[in-house]
There are 2 protein chains.
Amino acid sequence: MDIEQTKIPQATAKRLPLYYRFINNLHSQGKLRVSSKELSEAVKVDSATIRRDFSYFGALGKKGYGYNVEHLLSFFRKTLDQDEVTEVALIGVGNLGTAFLNYNFMKNNNTRIKIAFDADQKRVGTEVGGVDVEHIDDLEKKLGNVSVAILTVPSSAAQGMADRLVEAGISAILNFTPARITVPSSVRVHHIDLAVELQALVYFLKHYPLEEAEEE
Amino acid sequence: MDIEQTKIPQATAKRLPLYYRFINNLHSQGKLRVSSKELSEAVKVDSATIRRDFSYFGALGKKGYGYNVEHLLSFFRKTLDQDEVTEVALIGVGNLGTAFLNYNFMKNNNTRIKIAFDADQKRVGTEVGGVDVEHIDDLEKKLGNVSVAILTVPSSAAQGMADRLVEAGISAILNFTPARITVPSSVRVHHIDLAVELQALVYFLKHYPLEEAEEE
DNA sequence: AAGAAGTCGTTAAATGTTTCACATAGTAAG
DNA sequence: CTTACTATGTGAAACATTTAACGACTTCTT
Ligand SMILES: NC(=O)c1ccc[n+]([C@@H]2O[C@H](COP(=O)([O-])OP(=O)(O)OC[C@H]3O[C@@H](n4cnc5c(N)ncnc54)[C@H](O)[C@@H]3O)[C@@H](O)[C@H]2O)c1
Ligand SMILES: NC(=O)c1ccc[n+]([C@@H]2O[C@H](COP(=O)([O-])OP(=O)(O)OC[C@H]3O[C@@H](n4cnc5c(N)ncnc54)[C@H](O)[C@@H]3O)[C@@H](O)[C@H]2O)c1
């Protein structure tokens with residue numbers, strides 16, 4: 001299935017959820033049509049880029065009119081598989097893990113943290129944000145067919161846990177630890193390194209001067 | 001100052017903090033030298049890319065030898081301004097904000113959350129992770145000369161707070177809310193949209209098949 | 001001391017992404 | 001129906017980033 005979708009540039013694919021969320025907002029506001037220019041201002045992506053992104057999926061708009069919100073939304077729903085919910089496991093119910101559990105990724109999305117694991121007996125058996133916390137020793141037993149994991153354990157435990165998750169059948173890991181984990185080539189890992197993001201911002205601030213502010 | 005640093009590609013600049021952290025680790029382990037190949041395996045960046053990245057700063061290594069860890073470290077310390085600490089303000093001490101305050105960004109870094117603000121009276125006056133929480137009404141009074149802000153308020157408050165931060169003299173914002181905020185061109189904003197990251201991972205998982213695993 | 005092995009720094013090629021600019025096809029209005 | 005407008009979809013150019021390949025120099029080995 002989805003033979004030709006492989007050709008969609010990764011940069012485009014990363015923007016799709018962003019588009020989806022905004023189109024969803026428009027729809028709940030009762031808006032009927034939208035132009036690439038309007039979208040551009042809202043999501044801060046060049047309008048030509050938006051048109052190009054959409055064009056990979058065919059002609060979604062009408063010349064001289066723009067895009068029909070309803071049509072766009074139902075298209076994205078299909079494309080991003082918004083109908084089926086992807087269940088996610090969270091490993092490490094510490095500061096960051098707790099924040100994620102309390103935040104409801106469901107609000108706009110098709111993802112749901114279904115189960116959480118921790119090594120600390122004090123946390124096991126509790127419920128955080130409506131999600132049960134299980135002991136990490138029960139990982140294999142309780143994981144079910146969940147295929148995506150959010151990793152928020154201490155970095156020293158990251159590689160070990162990654163190995164175990166892979167062994168247990170996980171296909172994708174969202175890794176928040178600073179450790180760059182190694183996994184088989186069949187497993188997808190995205191790293192979100194918050195300390196690096198903050199440092200990079202500071203570096204840009206100091207070394208890449210921006211235009212002077214124009215008073216508005 | 002730093003006239004020619006402007007030429008360093010953004011993609012390279014984003015990787016610098018990552019390199020720095022790993023070189024720091026090597027140094028505390030007492031390692032004396034390292035090759036681009038070793039670095040590559042550790043940080044998961046192609047070795048040619050690492051050599052290219054380093055080369056923007058001149059000849060940091062020696063042919064046939066690799067890089068001297070001590071030398072590399074002291075170079076990065078200078079380049080990334082690791083000597084001076086950049087002070088940061090955090091706006092919105094909720095789930096995510098609390099996690100950031102409890103996490104010590106200082107451990108490896110040159111950034112420190114110095115002060116936090118919230119609108120909720122119940123939080124004001126408390127201390128989270130050693131950082132005082134002030135009332136948002138006192139923002140202008142208490143901000144001092146902090147120039148970087150982490151924004152973790154509800155998305156409905158994001159644009160309003162961004163406007164106020166800019167007015168108060170902030171030059172860079174790390175925005176964790178889903179709202180794409182608008183700021184004057186003199187202010188730098190990085191968006192980290194965790195829900196989008198999770199959805200993008202799921203999209204890649206479903207639409208971009210990876211190679212079959214090879215048993216090791 | 002000479003040859004083998006290793007690794008950088010860089011030139012050039014390949015690949016990926018964004019942006020410009022406009023013909024085109026459709027809308028809107030009289 | 002005709003005219004004026006509007007905003008798409010895309011070819012081509014510009015820009016950015018990654019990767020391959022290798023000459024030059026260093027270190028290591030014998
Ligand atoms: N909190 C932040 O703001 C922040 C920022 C940047 C990076 N990080 C990274 O995110 C990760 C988590 O950070 P945190 O602040 O939530 O840490 P934390 O110490 O608060 O939480 C870690 C949790 O993992 C659990 N744990 C430890 N070993 C485990 C194992 N083998 N299996 C399962 N659970 C285990 C602990 O019991 C604890 O509850 C760390 O790697 C940290 O470097 C956090
Ligand atoms: N928690 C997560 O895992 C997560 C994930 C993705 C995105 N986000 C985004 O991050 C932001 C924060 O999320 P959260 O879960 O921490 O929310 P939260 O509701 O727990 O925290 C928000 C905090 O901001 C404070 N606040 C509200 N208005 C304010 C104002 N005008 N000035 C100062 N403080 C104000 C509130 O009192 C509260 O303490 C939200 O925009 C959310 O969409 C959070």
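Nothing here was measured: the structure is a model prediction, and the numbers come from that model.
Nearest-nucleotide mapping onto DNA chain D: of A:Ser55 and A:Tyr65, the residue sitting toward the 5' end is A:Tyr65. Between B:Val45 and B:Arg33, the residue anchored closer to the 5' end of DNA chain D is B:Val45, taking for each the nucleotide with the nearest heavy atom. Mapping A:Thr49 and B:Tyr67 onto DNA chain C via the closest heavy atom, the residue that lands nearer the 5' end is B:Tyr67.
Between B:Ala89 and B:Val146, the closest heavy-atom pair is N-CG1, 3.6 Å. Residues B:Ile181 and B:Gln159 approach most closely at CA-OE1, 3.3 Å, considering heavy atoms. In terms of heavy-atom proximity, B:Thr177 sits nearest to B:Ser155 at CB-CA, 4.0 Å. Pairing each heavy atom of B:Tyr203 with each of A:Thr79, the nearest pair is CE1-O, 3.8 Å.
In this structure, the NZ atom of A:Lys14 is 13 Å from the P atom of C:dG16, given to the nearest Å. Spacing between atom CZ of B:Arg15 and atom C1' of D:dT19 amounts to 12 Å, rounded to whole angstrom units. We find that CG of A:Asp46 is positioned 16 Å from C1' of D:dA16, with the value rounded to whole Å. B:Tyr56 has its OH atom 16 Å from the P atom of C:dC8, to the nearest Å. Atom-to-atom, CG of B:Leu60 to P of C:dG9 comes out at 7 Å; the value is rounded to the nearest Å. Atom P of nucleotide D:dT17 and atom CD1 of B:Ile50 are separated by 17 Å, given to the nearest angstrom. With rounding to whole Å, A:Asp53 atom CG is found 13 Å from D:dG9 atom C1'. Taking atom CG on A:Leu72 and atom C1' on D:dG9, their separation rounds to 14 Å, with Å as the unit.
Looking at the side chain of B:Ser35, the nearest of the listed nucleotides C:dC22, C:dT18, C:dC8 is C:dC8. The side chain of A:Ala48 lies closest to C:dT19 when the candidates are D:dT27, D:dC22, C:dT19. The side chain of B:Lys63 sits closest to C:dG9 out of D:dT18, D:dA7, C:dG9.
Between the CD1 atom of A:Ile150 and the CD1 atom of A:Ile192 there is a distance of 8.5 Å, given to the nearest 0.5 Å.
Below the 3.5 angstrom threshold, one finds no donor paired with an acceptor across the side chain of A:Arg52 and the base of D:dT8.
Residue A:Ser36 places none of its side-chain N or O atoms closer than 4.0 Å to OP1 or OP2 of D:dA7.
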